[in-house]
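Below: one structure, written as structure tokens.
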Amino acid sequence: MKYETQKVALPFFMVAMALFALQLIFGLLSATVYAWPDFMTSIMPFNIMRVSHTNLLIVWLLIGFMGCTYYLMPEEAEHEIASPTVAYLQLAIFAFAGAAALVGYQFGIHEGREFLEQPFWVKVLITISFLLFLFNTSATLAKGRKTAINMVLMLGLWLAAIFWLFAFYNPSNLAVDKLYWWWVVHLWVEGVWELIMASLLGYLVIKMTGVDREVIEKWLYVIVGLALFSGLLGTGHHYYWIGAPSYWQPIGDIFSTLEIAPFLTMVLFAFTMFWKGRRNHPNKAAMLWTLGCPTVAFFGAGVWGFMHTLHWVNYYSHGTQVTAAHGHLAFYGAYVMIILGVMTFAMPSLRRSQPYNQVMNMWGFWIMTSAMCFMTFTLTFGGVVQTHLQRVLGMNYMEVQDQLGLFYVMRLGAGVAVAIGAALLIYAFFGPRRLQVPDSGTQMTAAGPESA
Ligand code: HEM
Ligand code: HEM
Ligand SMILES: [Fe+2]
């Protein structure tokens with residue numbers, strides 16, 4: 001590590017991975033209910049498993065983004081983190097808020113608005129923690145060097161906080177409620193989080209390929225422009241059937257189709273830079289994640305998103321397993337993988353160990369990624385059958401569910417494989433160190449271990 005305060009990232013990564021493991025457990029429980037509907041009914045209802053699964057996802061991704069920001073900010077800004085104490089404090093607040101929400105859910109305490117189920121006071125704590133985080137990192141940036149990477153990253157994080165405020169606005173009219181609900185849910189993942197993803201990707205690419213910063217920055221601006229241009233009006237693809245005016249149908253069709261562009265550009269960006277630059281970085285596992293992330297994101301968000309985004313297709317597929325298939329691969333490719341990529345890059349220097357459990361990390365990558373793809377395929381096939389039986393032939397919902405058992409069992413199997421891959425990865429991150437580096441100022445570079 002070049003800067004002492006980069007180590008602040010480590011506890012964020014530890015908490016994030018613990019919550020990721022918990023998320024997978026709740027995912028496995030809810031998938032078991034799909035396969036055997038009576039499973040645990042008297043102990044924990046399905047909706048509680050599901051809300052725990054999805055909320056843990058959001059909470060750990062946010063904590064992961066914070067960890068990534070604390071790790072890269074000192075290097076990019078060439079300045080130590082303004083206040084490590086504030087960083088630890090806001091992590092504690094965030095982790096407490098997340099844990100309180102999770103425990104509350106087990107007792108049925110929630111506000112019932114998908115993804116935003118947290119009780120009011122938990123939302124307030126999350127806001128306080130996030131603001132502390134933003135001020136801490138912005139103060140660091142203000143004192144240091146401004147690069148396209150840290151500026152775009154901070155822009156994405158601030159905009160994420162601004163759109164989060166709509167989580168507090170809960171109109172009683174259901175149509176209006178949905179209208180603003182998407183301002184958080186859609187504008188996060190298909191708008192401002194893309195800025196976070198692109199800047200983290202840019203950081204990894206710079207570090208690994210050694211390509212000139214000016215080149216990387218140009219790509220970054222193009223990606224940011226495309227993401228905001230398509231993603232904002234792309235919200236229209238959620239306004240087809242909620243009582244919004246009908247002009248949202250052509251707007252949603254056109255702009256959400258354009259949403260493929262930033263994801264495709266990120267693939268071209270990563271591969272072109274590796275092709276042009278150095279490919280001999282010693283952290284091969286980090287290279288794998290850096291190329292894998294935009295690729296899977298392109299398929300999950302771009303291809304699987306486009307599959308059901310045109311309103312005359314969505315008319316049939318809306319809210320079926322096709323949606324769940326897309327939701328899983330998109331979240332995994334774009335946001336899970338970018339965080340795991342930065343972690344894979346950062347862990348050797350955070351733990352002062354080289355060359356690091358790279359082979360096990362790569363096994364984790366391949367097992368988890370193939371299993372997520374397999375899960376997506378089974379849900380897609382299940383979703384197509386469901387769409388046909390339910391929306392074309394008009395069969396009753398529960399009758400159709402009876403026909404989908406095989407797909408749900410295969411999804412559960414895929415989930416078990418995801419969990420195995422995740423366990424390998426967590427062991428690679430936190431298990432015994434392969435080789436200890438006594439010196440505190442070490443980072444892997446393409447030229448080999450570098451001392452700061
Ligand atoms: C990384 C980016 C993305 C993530 C994480 C993501 C995630 C999700 C999730 C979780 C849902 C389900 C929401 C719910 O509970 O109803 C959803 C719905 C949807 N997504 Fe995405 N998405 C992404 C990008 C895209 C893109 C680029 C497109 C279009 C090309 C797209 C098209 C859609 C559509 C049309 C729906 C609504 C499905 C329905 O009507 O049931 N998504 N997305
Ligand atoms: C062990 C692996 C996993 C299993 C077995 C699993 C299973 C499930 C199940 C059964 C649901 C409820 C679906 C429904 O109500 O129809 C669900 C929802 C969801 N899961 Fe997972 N999951 C797993 C991993 C993940 C991962 C790694 C992510 C993030 C990348 C994720 C993101 C989501 C999202 C966003 C939803 C809401 C989807 C929607 O609204 O369409 N899950 N998951
Ligand atoms: Fe969307």
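Both counts, for ligands and for their atoms, begin at 1 and track the order of listing. We're numbering straight along the sequence, starting at 1.
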If you have a sec, work out which protein heavy atom is nearest [atom] and how many Å separate them, to one decimal?
atom                    : value
atom 1 (C) of ligand 2  : Gly415 O, 3.3 Å
atom 36 (C) of ligand 1 : His238 CE1, 3.6 Å
atom 12 (C) of ligand 1 : Thr323 CG2, 3.6 Å
atom 28 (C) of ligand 1 : Gly305 CA, 3.6 Å
atom 34 (C) of ligand 1 : His308 NE2, 3.7 Å

Geometry only, no angles: is [X] polar-contacting ligand 2 at N/O separations under 3.5 Å?
X      : value
Tyr34  : yes
Arg411 : no
Arg50  : yes
Thr54  : no

- prompt: Are side-chain heavy atoms of Val33 and Met40 found at a separation under 4.5 Å?
  reply: no
Side-chain donor-acceptor pair under 3.5 Å between [X] and [Y], yes or no?
X      : Y      : result
Asp253 : Trp312 : no
Thr380 : Trp304 : yes
His318 : His308 : no
Tyr105 : Asn55  : yes
His328 : Thr376 : no
Thr309 : Ser256 : yes
Ser52  : Gln106 : yes
His237 : Gln249 : no
Thr265 : Trp219 : no

Return a yes/no value for [X]: is any of its N or O atoms, backbone included, closer than 3.5 angstrom to an N or O of ligand 1?
X      : value
Ala334 : no
Glu259 : no
His237 : no

Which atoms of ligand 2 have any heavy atom of [X] under 4.0 Å away?
X      : answer
Tyr332 : 30 (C)
Ala31  : 5 (C), 10 (C)
Gly27  : 4 (C), 5 (C), 6 (C), 7 (C)
Leu57  : 29 (C), 32 (C), 35 (C)
Val336 : 30 (C)
Phe331 : 29 (C), 30 (C), 35 (C)

Assign the ring pair [X] / [Y] to parallel, tilted or perpendicular, where the plane angle (0 to 90°) is split at 30° and 60°.
X      : Y      : result
Tyr408 : Tyr34  : tilted
Phe133 : Tyr70  : perpendicular
Phe130 : Phe94  : tilted
Trp121 : Phe96  : tilted
Phe365 : Trp289 : perpendicular

Residues Glu75, Lys207: salt bridge by 4.0 Å N-O rule: yes
- prompt: Is Glu114 salt-bridged to Arg50, cutoff N-O under 4.0 Å?
  reply: yes
query: Counting distance only, does the side-chain N/O of Tyr71 pair as donor-acceptor with the main-chain N or O of Met66 below 3.5 Å?
result: no
- prompt: Just by modelled atom types, is the Ile126 backbone N or O under 3.5 Å from a matching donor or acceptor in the Ser129 side chain?
  reply: no
Pull out every atom of ligand 1 sitting under 4.0 Å from any heavy atom of [X], numbered as shown with elements.
X      : result
Ser256 : 29 (C), 30 (C)
Ala301 : 1 (C), 2 (C), 24 (C), 25 (C), 26 (C), 27 (C), 28 (C)
Val189 : 1 (C), 2 (C), 3 (C), 4 (C), 5 (C), 6 (C)
Glu114 : 14 (C), 15 (O)

- prompt: What do you reckon, does Trp304 put a non-hydrogen atom under 4.0 Å from ligand 1?
  reply: no
- line: Among His328, Met375, Met372, closest by heavy atom to atom 20 (N) of ligand 2 is His328
- line: In terms of its nearest heavy atom to atom 41 (O) of ligand 2, the top option of Ala422, Ala330, Ala324, Gly327 is Ala324
query: Can an N, O or S atom be found in His326 less than 2.8 Å away from atom 21 (Fe) of ligand 1?
result: yes
query: So which of the N, O or S atoms of His53 lies nearest atom 21 (Fe) of ligand 2?
result: NE2
query: Just wondering, is there an N, O or S atom on Glu259 that's nearer than 2.8 Å to the Fe ion (ligand 3)?
result: no
Taking 4.0 Å as the limit for heavy-atom contacts, which would you say applies to [X] with ligand 1: side chain only, backbone only, both, or neither?
X      : result
Trp193 : neither
Tyr335 : side chain
Trp182 : side chain

statement: Honestly, for Phe46 the part within reach of ligand 2 (heavy atoms, under 4.0 Å) is side chain
query: What part of Val416, side chain, backbone, both or neither, has a heavy atom within less than 4.0 angstrom of ligand 2?
result: neither
Contact check, Ala419 vs ligand 2, heavy-atom distance below 4.0 Å: no
